[in-house]
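Below: the structure, in structure tokens.
Note that the numbering runs from 1 along the sequence shown for the chain.
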Amino acid sequence: MNPFVLILGPTASGKSALGLKLAEHFSGCILNCDSLQTYKRLDIGTAKPSLAERAQVPHFLFDLLQPGEVLTAGDYRQFAIEVLARELPQRPVFGVGGSGFYIQALEKGMFDIPKPKAAAEEKIRSLLDKEGLPHLYELLKGQDPDYAQAINPNDAYRITRGLIIIEDSGRKVSDLKKDFKPRPFPFPLLKLGLAAKREFLLPRVVKRTQEMLAAGLVSEVKRLVEEGFGSWPALQSVGYRECMLLLNGAILETQLAPLITEKTIQLSKKQRTWFNRDPEIRWLDVENPFPQARDLTENFLAGKSEPS
């Protein structure tokens, strides 16, 4: 069977460009491993591949859900496994993304819990609308302090998800994680990483932020808010959250680009820390990653672990 090649690293490190180049070279396809790129109408702020790029090779799990919907890590794993089972017998699949939690769920599985009832979700999301994210984080600290301590106070997805699970099942996420036993990944897997440090990323993040704002990022957010999606957890992610602050009058327009840049660099540091814990990642020269990535993939296809 062909391999699943994961291309990992912090935001703005060049993962998408490398993945596309490898997929073209090996006649493969792209699997989205970025949680936000699964949503329709989150295009500019997620740096989603253009339609022209998606026409070059097959792309999967982009524009999967409608605004307002929420993709859990367990849902993502199910969709991704279905794509891999269908595509790997035909061609290599190149997974591209920086969502470490979703990638971990894909590789190792997730703890089993029934899909929460709609009433539990509605209650917690109503609380989010009325009281705000800081209040929900304080609730989570009181009900599951170990889990709250392990996540970012601005992580709307995990905070609401943790409270929904408690509301629906009475079980804490921290206990579910302790009981969970990872499952073997069912496909040949090669993990390649782009070792991008701050000095490499900063000018790229500044440039990308400017391009996103010029392309209409604020308008993208404004339209979603006007249609009633202001409390959608996806809009609490980096870039979108800062645009929400601008629209709410909490920051000035002159503060927007520097703030997005600052928060993106902070996110990239967290992503590097996450991926650096994985000893199976083969780190590439971020300045010129393709030759090494090509050789590693060729040798993996040939049953070798090291390039010749």
Side-chain angles (χ1 to χ4, degrees), residues 1-35 37-38 47-50 52-62 64 73 76-109 182-196 271-272 274-308:
M1 183 177 287
N2 290 298
F4 176 41
V5 182
L6 265 171
I7 301 167
L8 309 168
T11 187
S13 59
K15 299 184 297 295
S16 295
L18 177 60
L20 183 59
K21 198 169 181 180
L22 288 169
E24 287 188 298
H25 181 82
F26 288 101
S27 299
C29 60
I30 299 289
L31 175 68
N32 171 36
C33 297
D34 182 289
S35 59
Q37 291 183 351
T38 60
K48 195 178 289 180
S50 67
E53 289 169 329
R54 285 186 252 180
Q56 292 176 244
V57 300
H59 283 61
F60 296 100
L61 301 192
F62 293 89
L64 192 65
Y76 170 76
R77 183 179 196 274
Q78 179 181 340
F79 292 137
I81 290 290
E82 289 172 0
V83 172
L84 292 171
R86 184 180 67 243
E87 298 298 325
L88 284 176
Q90 309 172 55
R91 54 193 166 191
V93 177
F94 296 87
V96 178
S99 298
F101 181 64
Y102 281 69
I103 292 167
Q104 177 180 278
L106 172 57
E107 184 183 355
K108 298 181 179 178
R183 308 163 194 167
F185 190 67
F187 307 107
L189 176 63
L190 173 65
K191 290 183 274 189
L192 305 177
L194 291 169
Q271 290 171 317
R272 290 200 307 272
W274 179 289
F275 292 126
N276 281 338
R277 297 181 303 199
D278 188 342
E280 296 178 0
I281 296 176
R282 302 297 307 273
W283 293 102
L284 308 173
D285 174 12
V286 72
E287 298 282 359
N288 185 27
F290 178 73
Q292 188 184 2
R294 177 198 59 212
D295 292 346
L296 286 165
T297 303
E298 285 177 348
N299 284 307
F300 194 81
L301 279 163
K304 304 172 186 177
S305 59
E306 296 286 338
S308 56

Exercise. For the residue pair His59 and Phe62, categorise the inter-ring angle as parallel (less than 30°), tilted (30 to 60°) or perpendicular (more than 60°).
Key: tilted
Self-check item: Residue pair Leu6 / Cys33: nearest heavy atoms and the distance that separates them
Solution: CD2-SG, 3.8 Å
Exercise. Taking the six-membered ring for Trp and the full ring for Phe, Tyr or His, determine whether the centres of Phe4 and Phe187 are under 6.0 Å apart.
Key: no
Self-check item: Check: Lys15 side chain, Gly9 main-chain N or O, donor-acceptor pair, under 3.5 Å
Solution: yes
Quiz item: Taking Gln271 for the side chain and Thr11 for the main chain, is one N or O donor matched with an acceptor at less than 3.5 Å?
Solution: yes
Self-check item: Heavy-atom donor-acceptor pair, Arg91 side chain to Ser27 backbone, under 3.5 Å
Solution: no
Quiz prompt | Gap separating the CG atom of Asp34 from the CG atom of Leu61, nearest 0.5 angstrom | solution = 11.5 Å
Quiz item: Does the pair Arg86/Glu82 count as a salt bridge with the N-to-O cut at 4.0 Å?
Solution: no
Self-check item: Where Met1 and Pro188 come nearest, the two heavy atoms and their spacing
Solution: O-CG, 4.0 Å
Practice problem: Working to the nearest 0.5 Å, report the span between CG of Leu190 and CD1 of Ile281. | Solution: 10.5 Å
Quiz item: Atom CZ of Phe275 and atom CG of Leu8: how far apart are they, to the nearest 0.5 Å?
Solution: 5.0 Å
Exercise. Applying side-chain contact (heavy atoms from CB on, under 4.5 Å), run through Asn32 and Leu64 and close with a yes or a no.
Key: CA-CA 10 Å; Asn32 171 36; Leu64 192 65; over 6 Å; no
Exercise. Please list, chain by chain and in numerical order, all residues satisfying ring-ring contact (aromatic ring centres under 6.0 Å, His included) with Phe101, sequence neighbours excluded.
Key: none
Self-check item: Gap separating the CG atom of Leu31 from the CD atom of Glu87, nearest 0.5 angstrom
Solution: 9.5 Å
Practice problem: Start with the C-alpha gap between Lys21 and Arg294, add the side-chain angles, then the distance that decides, and say whether side-chain contact (heavy atoms from CB on, under 4.5 Å) holds. | Solution: CA-CA 9 Å; Lys21 198 169 181 180; Arg294 177 198 59 212; over 6 Å; no
Practice problem: Give, for atom CD1 of Ile7 and atom OG1 of Thr297, the distance between the pair rounded to the nearest 0.5 Å. | Solution: 7.5 Å
Practice problem: Give a yes or no answer on whether the side chain of Ser99 reaches the backbone of Ser35 with a donor-acceptor pair at less than 3.5 Å. | Solution: yes
Practice problem: Over all heavy atoms of both residues, which pair between Gly97 and Ile103 is shortest? Give the atoms and the distance, please. | Solution: O-CD1, 3.6 Å
Quiz item: Can you name the nearest heavy-atom pair linking Pro58 to Gly28, along with the distance?
Solution: CD-O, 3.9 Å
Quiz item: Passes side-chain contact (heavy atoms from CB on, under 4.5 Å), Cys29 versus Val57? Steps please.
Solution: CA-CA 6 Å; Cys29 60; Val57 300; 5.5 Å; no
Quiz item: Of the non-hydrogen atoms in Ala293 and Leu192, which two are nearest, and what is the gap between them?
Solution: CB-CD1, 3.8 Å
Quiz item: If every non-hydrogen atom of Leu301 is compared with every non-hydrogen atom of Pro3, which pair is closest and at what distance?
Solution: CD2-CD, 3.2 Å
Quiz item: Atom CD of Glu298 and atom CZ of Phe26: how far apart are they, to the nearest 0.5 Å?
Solution: 4.5 Å
